[in-house]
Amino acid sequence: MHMKRKLIRNRFLLTALAAGLAFAFFPKRTEAIPAFARKYGVSCYTCHTIFPRLNKFGYEFKRLGYRMPPDWEGKKAPTTIRMMASHKPFSLTDTAAIFLRTDVDWSKATAQDGTSASNSSIDLAEASVLWGGAIPNSNFSYFGEYVMYEDGGSDLERARLAYTGGNVENSWFVGIGKGHLQEGFRASDTMGLTDDDTPLVFTLASPNGFSFDQSPGLVEGGYTYMAPNYNYVVGLTAKVTNGVDANGEGITSGSQYNHKDVWFDGDFLIGDNASVSLMYYKGRKPQVQNAGTPFEFTYQPQQTRYGLFGHYEFMDHLDVLAGYAHSKEDWQGLVTDPVTTFNGYSWFGELDYYIKQGLVVYGRYDKAHFDQPSMALFALQSPLGQRQYMLGVMKAVTRRGNAKVYLQYTDTKNNDIYGDFPAKTQEAKFGVDLGW
């Protein structure tokens with residue numbers, strides 16, 4: 001107990017030191033998340049509750065190809081997409097942005113056999129460059145993200161070119177490039193309040209090693225309807241992607257597989273405080289089974305996902321989010337076994353209470369489990385799955401909302417096939433995010 005108190009006390013000392021260093025070296029005068037806010041002279045709160053989570057206006061801005069939604073009362077002809085494009089000359093500062101995340105972290109992992117170990121660290125968690133916007137006097141837009149540093153590596157996370165046609169009432173788009181597989185609104189979007197609070201329904205890998213946390217090469221298209229005064233919005237999107245490789249990473253080039261994965265999302269935004277989203281996915285993944293044993297073989301299981309998500313905001317303060325996803329995948333334990341299927345069930349509920357603009361306390365509970373497939377080489381004592389709850393508080397520390405600090409606690413219990421993951425993980429984190 002004394003050791004635990006000492007670890008906690010040391011953690012808060014490190015937290016205070018990290019906060020002091022962060023604000024000593026970060027610029028005092030900063031603009032809102034990046035390029036879009038600088039370009040249009042607005043704050044981050046125009047498009048975000050707290051970045052990177054989009055609000056309704058931010059969703060509309062994105063669906064119109066990064067163009068400001070104009071006044072739309074239905075009394076005159078709707079503005080065309082081309083007329084929404086900014087006529088301002090190109091400016092690098094209105095196009096590119098930098099994102100930095102640093103944190104102080106304490107965690108304790110308890111293994112399957114009951115042994116435990118704890119550690120603490122001060123990390124530069126992520127440094128990224130983002131760029132995007134509408135090409136002036138055209139229907140084209142672009143968006144990209146290059147992660148310069150994350151977990152010791154770098155990667156081109158997103159790079160997309162799109163054409164948006166129509167008008168503010170009825171618009172459509174086609175695009176090509178590399179991007180996130182799962183995109184929706186609020187409860188169905190992988191972008192949460194922090195980098196760590198994406199629901200398990202999107203990040204937890206199945207026994208075949210597949211999850212939505214990937215960025216493959218893709219082509220996409222969509223349709224958006226916006227009612228007069230934006231009383232409700234309908235956004236439909238479909239993607240065809242390269243899928244993932246045997247390691248579960250998104251394939252961006254050089255795919256050796258003829259199959260392509262398909263994904264669909266439908267978002268229905270009702271008024272200013274409610275939404276419902278539907279999601280469907282179907283694809284295949286190369287799977288190396290029983291790797292490193294005499295029973296190793298490779299096959300390509302088919303997998304499907306169905307999801308239903310929604311949110312409702314009470315009195316502009318309490319935001320209630322929930323989601324459910326069902327998965328169905330092929331399974332083959334040994335090459336001599338028949339191909340069977342297993343089902344997965346994942347759901348979450350989240351409460352975000354905005355005390356005032358830029359200050360929020362939040363909590364979420366996640367539950368995911370899979371039917372135990374036939375395991376010829378492994379035996380599980382309990383169903384395969386994961387349980388997690390998270391509590392946190394977050395505050396923007398600049399008037400425009402482009403810098404924030406948060407304190408977050410996460411408790412996770414696991415049960416996996418091979419016993420690779422800890423049975424329980426506890427993590428406390430103080431983080432600082434800056435967009436410039």
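Counting from 1, the numbers follow the sequence of the chain as shown.
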Task: salt bridge (charged side-chain N to carboxylate O under 4.0 Å, His left out) between Asp245 and Lys285, intermediate numbers included - done: CA-CA 6 Å; Asp245 59 20; Lys285 173 188 177 294; over 6 Å; no

Task: Whether Phe185 and His311 hold their rings parallel, tilted or perpendicular, with breakpoints at 30° and 60° - done: perpendicular

TODO: Flag the pair Phe430 / Val405 as yes when at least one side-chain heavy-atom distance between them is below 4.5 Å, and no otherwise.
DONE: yes

Open item on the list: Is the shortest side-chain heavy-atom distance between Phe309 and Phe348 below 4.5 Å?
Closed with: yes

Open item on the list: For a 4.5 angstrom cut-off between non-hydrogen side-chain atoms, does Ser118 reach Trp106?
Closed with: yes

Open item on the list: Rounded to the nearest 0.5 Å, what separates atom OG in Ser275 from atom CG in Leu321?
Closed with: 7.5 Å

Task: Ala325 to Val201 - nearest heavy-atom pair and separation - done: CB-CG2, 3.0 Å

- [ ] Would you please indicate yes or no on a ring centroid separation below 6.0 angstrom for Tyr66 and Phe143?
- [x] yes

Open item on the list: Under 3.5 Å, is there a donor on one side chain and an acceptor on the other for Tyr362 and Gln408?
Closed with: yes

Task: Matching residue for Ser277 among Asp265, Asp267, Asp189 - test: side-chain hydrogen bond (donor to acceptor under 3.5 Å, both in side chains) - done: Asp267

Task: Validation row: Pro78, Val168 side chains within 4.5 angstrom (heavy atoms) - done: yes

Task: Carboxylate-amine/guanidinium contact Asp411 Lys424, below 4.0 Å - done: yes

Task: Thr412 and Tyr389, any side-chain heavy atoms less than 4.5 Å apart - done: no

- [ ] May I ask you to decide if the ring planes of Phe202 and Phe212 are parallel, tilted or perpendicular, using 30° and 60° as cut-offs?
- [x] perpendicular

Open item on the list: Before we go on, tell me: are the rings of Tyr225 and Tyr223 under 6.0 Å apart, centre to centre?
Closed with: no

Task: Validation row: Trp172, Thr164 side chains within 4.5 angstrom (heavy atoms) - done: no

Open item on the list: Applying side-chain hydrogen bond (donor to acceptor under 3.5 Å, both in side chains), can you list everything that pairs with Ser206, at least two apart in sequence or on another chain?
Closed with: Glu329

Open item on the list: Under a 4.0 Å threshold between the charged nitrogen and the carboxylate oxygen, would Glu183 count as salt-bridged to Lys62?
Closed with: yes

Open item on the list: Check for me whether Lys429 meets the cation-pi criterion with Tyr409, that is, NZ or CZ under 6.0 Å from the six-membered ring centre and within 45 degrees of the ring axis.
Closed with: no

- [ ] Give a yes-or-no answer on whether the side chains of Thr190 and Gln182 include a donor-acceptor pair shorter than 3.5 Å.
- [x] no

- [ ] Please work out whether the ring planes of Trp347 and Tyr365 are parallel, tilted or perpendicular, with thresholds of 30° and 60°.
- [x] tilted

Task: Within residues 345-369 or reaching into it, pairs that qualify as salt bridge (Lys or Arg N to Asp or Glu O under 4.0 Å) - sequence neighbours excluded - done: Arg53-Glu350, Arg53-Asp352, Arg364-Asp366

Open item on the list: Is there a side-chain contact between Phe36 and Val42 in this structure, where contact means two heavy atoms from C-beta onward sitting under 4.5 Å apart?
Closed with: no

Open item on the list: Would you call the rings of Tyr345 and His326 parallel, tilted or perpendicular, taking 30° and 60° as the class edges?
Closed with: tilted

Task: Nearest non-hydrogen partners of Thr398 and Tyr45, listed with the distance - done: O-OH, 4.3 Å

Task: Validation row: Lys404, Met394 side chains within 4.5 angstrom (heavy atoms) - done: yes

